[in-house]
Amino acid sequence: MKIATWNVNSLKVRLPHLLDWLATTQTDVVCLQELKCEDKAFPLADIEAAGYRAVFNGQKTYNGVAILTRAETCGEPLDVVRNIPDFEDEQRRIIAATVKGVRVVCGYFPNGQAVGSEKFEYKMRWLAALTDWLRGELATHSQLVLAGDYNIAPEDRDATPEWQDEIHVSVPEREAFGALVALGLADAFRLFEQPEKSYSWWDYRMMAFRRNIGLRIDHLLVSAALREQVSACVVDQAPRKLERPSDHAPVVLTLTSDRLAV
DNA sequence: ATGTCACGGGCACCGTGA
């Protein structure tokens with residue numbers, strides 16, 4: 001069973017890439033971020049025709065998240081939650097669903113713009129609310145994955161040396177990432193030996209992808225019960241090399257599915 | 001190099017967000 005996270009930066013623009021990628025990789029669960037479309041504009045028919053089911057939490061212009069499941073292997077996403085309960089938020093950044101007994105939480109974490117800005121304060125409040133809510137989710141779902149665009153590079157090796165901005169690498173953001181890990185989650189990517197300078201996002205400008213100037217900000221954190229079933233976690237750079245790509249590449253987690261509770 | 005995209009408003013291109 002493969003679970004992926006991918007910030008597509010406009011689902012409308014990236015739909016052909018997404019459909020090609022689903023057909024090629026047969027990924028079972030796909031968490032999408034930055035849909036930039038309202039629910040009524042969600043391309044459900046195309047996605048269902050590709051053999052997937054989808055639940056989504058959309059917003060015009062900004063944000064928007066979805067969980068896709070391959071119908072043949074996973075059926076429908078169940079027990080869907082949109083946004084963080086008890087956290088007032090106009091922005092559509094969270095969707096959660098249960099897939100084959102795994103609680104899948106898909107998040108588009110706030111960017112934060114600049115350390116100390118109003119948007120940064122929102123990012124930190126949002127992270128605290130997410131952490132509080134997930135504590136309860138973990139109490140009722142031993143098998144949980146938190147997948148998404150975290151907009152946090154957790155360690156120095158996750159940020160290109162050229163990255164001078166404090167945002168995404170600041171101490172408070174990394175402490176918030178640490179608070180999520182302290183809930184009992186593990187960064188699936190770091191369970192394995194990885195190439196140096198592994199990133200998941202590259203700025204569109206300055207030929208950053210060609211020069212591999214990027215950040216690793218897209219993550220899949222797994223609960224202890226899921227961790228023992230993780231057999232691989234990789235960044236799939238192929239879609240970033242296409243014409244008109246998203247600025248993010250998908251990150252894909254592989255589970256040995258024989259021991260998943262249903 | 002304030003360098004690239006995507007979007008909305010509104011119909012040419014500019015402001016915003018990333």
Side-chain angles (χ1 to χ4, degrees), chain A residues 5-21 30-44 46-47 56-66 83 89-95 106-127 130 147-154 158-170 172-174 176-177 199-219 235-251:
Chain A
T5 181
W6 191 6
N7 178 324
V8 289
N9 185 19
S10 171
L11 182 54
K12 181 184 170 186
V13 173
R14 230 63 67 192
L15 187 61
H17 286 8
L18 174 65
L19 295 175
D20 286 349
W21 190 77
V30 185
C31 297
L32 300 177
Q33 302 89 37
E34 277 207 87
L35 306 181
K36 297 184 174 178
C37 76
E38 292 178 294
D39 288 349
K40 64 186 178 189
F42 190 91
L44 188 58
D46 291 305
I47 284 167
F56 37 91
N57 185 18
Q59 182 182 339
K60 188 168 74 171
T61 314
Y62 310 115
N63 312 313
V65 286
N83 278 15
D89 197 354
E90 298 289 302
Q91 304 183 33
R92 299 291 178 238
R93 296 185 173 278
I94 287 284
I95 190 163
C106 168
Y108 176 47
F109 293 35
N111 177 288
Q113 194 171 55
V115 176
S117 67
E118 270 185 35
K119 287 175 183 171
F120 188 80
E121 295 308 314
Y122 165 71
K123 181 176 194 172
M124 299 312 296
R125 285 192 291 111
W126 190 95
L127 283 161
L130 175 69
D149 176 359
Y150 286 54
N151 273 312
I152 301 171
D158 300 315
T160 191
E162 289 86 351
W163 187 259
Q164 299 297 320
D165 298 14
E166 289 188 330
I167 197 65
H168 307 313
V169 300
S170 72
E173 290 168 279
R174 287 179 169 178
F177 186 91
Y199 306 128
S200 63
W201 171 86
W202 302 261
D203 199 297
Y204 282 123
R205 294 168 290 188
M206 301 177 293
M207 295 178 287
F209 180 69
R210 193 177 63 71
R211 297 159 66 196
N212 195 32
I213 294 173
L215 300 172
R216 191 176 72 91
I217 54 177
D218 300 273
H219 309 295
V235 177
D236 182 358
Q237 290 198 1
R240 188 64 176 81
K241 296 174 180 173
L242 301 173
E243 290 289 318
R244 233 183 156 190
S246 169
D247 43 354
H248 295 252
V251 184

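Computation of the quantities below employed the complete heavy-atom set of this structure, encompassing side-chain atoms and omitting hydrogens, waters and symmetry-equivalent molecules. Naming: A, B, ... by sequence-line order, numbering from 1 per chain.
A:R14 is listed as a side-chain neighbour of A:S246, based on a closest heavy-atom distance under 4.5 Å.
Residue order along DNA chain B, read from the 5' end via each residue's closest nucleotide, puts A:M206 first among A:Q113 and A:M206. Between A:H248 and A:R14, the residue anchored closer to the 5' end of DNA chain B is A:R14, taking for each the nucleotide with the nearest heavy atom.
Taking atom CG of A:D149 as the reference point, atom P of B:dG17 lies 17 Å away to the nearest angstrom. Between the CD1 atom of A:I213 and the P atom of B:dT4 there is a distance of 15 Å, given to the nearest Å. For A:M207 and B:dC5, the CE to C1' distance is 16 Å, given to the nearest whole Å. When the P atom of B:dG17 is taken as reference, atom NZ of A:K123 falls 16 Å away, rounded to whole Å. Between the C1' atom of B:dT2 and the CD atom of A:Q164 lies a distance of 18 Å, rounded to the nearest Å. One interatomic measurement links the two molecules: CG of A:N63 to P of B:dA18, which rounds to 7 Å at whole-angstrom precision. A:Y204 places its OH atom 5 Å from the C1' atom of B:dC5, with the value rounded to the nearest Å. In this structure, the CG atom of A:N111 is 17 Å from the P atom of B:dA6, given to the nearest Å.
In this structure, A:R244 reaches the B:dA6 phosphate: one of its side-chain N or O atoms is under 4.0 Å from OP1 or OP2. Residue A:K60 has no polar side-chain atom (N or O) positioned under 4.0 Å from OP1 or OP2 of B:dC7. For B:dT2, the OP1/OP2 oxygens have no side-chain nitrogen or oxygen of A:R205 closer than 4.0 Å. Dashed line: the shortest gap from a side-chain N or O of A:T61 to OP1 or OP2 of B:dG17 is not under 4.0 Å.
Rounded to whole Å, the separation between the P atoms of B:dG3 and B:dG8 comes to 22 Å. Taking atom P on both nucleotides, B:dC13 is separated from B:dA1 by 25 Å, rounded to a whole Å. A gap of 26 Å separates the P atoms of B:dA12 and B:dG17, to the nearest Å. The C1' atoms of B:dG10 and B:dG15 are separated by 14 Å, rounded to the nearest whole Å.
Relative orientation of the A:Y150 and A:F177 rings is tilted, given thresholds of 30° and 60° on the angle between their planes. Taking the six-membered ring where the residue is Trp, A:H168 and A:W163 present tilted rings, their angle falling between 30° and 60°.
Nearest to the side chain of A:Y62, among B:dG17, B:dA18, B:dC5, sits B:dG17.
Just one of A:K119, A:K123, A:E118 meets the side chain to side chain contact (heavy atoms under 4.5 Å, CB included) condition when paired with A:Q113; it is A:K119.
Taking A:R216 as the reference, A:D158, A:D187 meet the salt bridge (Lys or Arg N to Asp or Glu O under 4.0 Å) condition, with sequence neighbours excluded.
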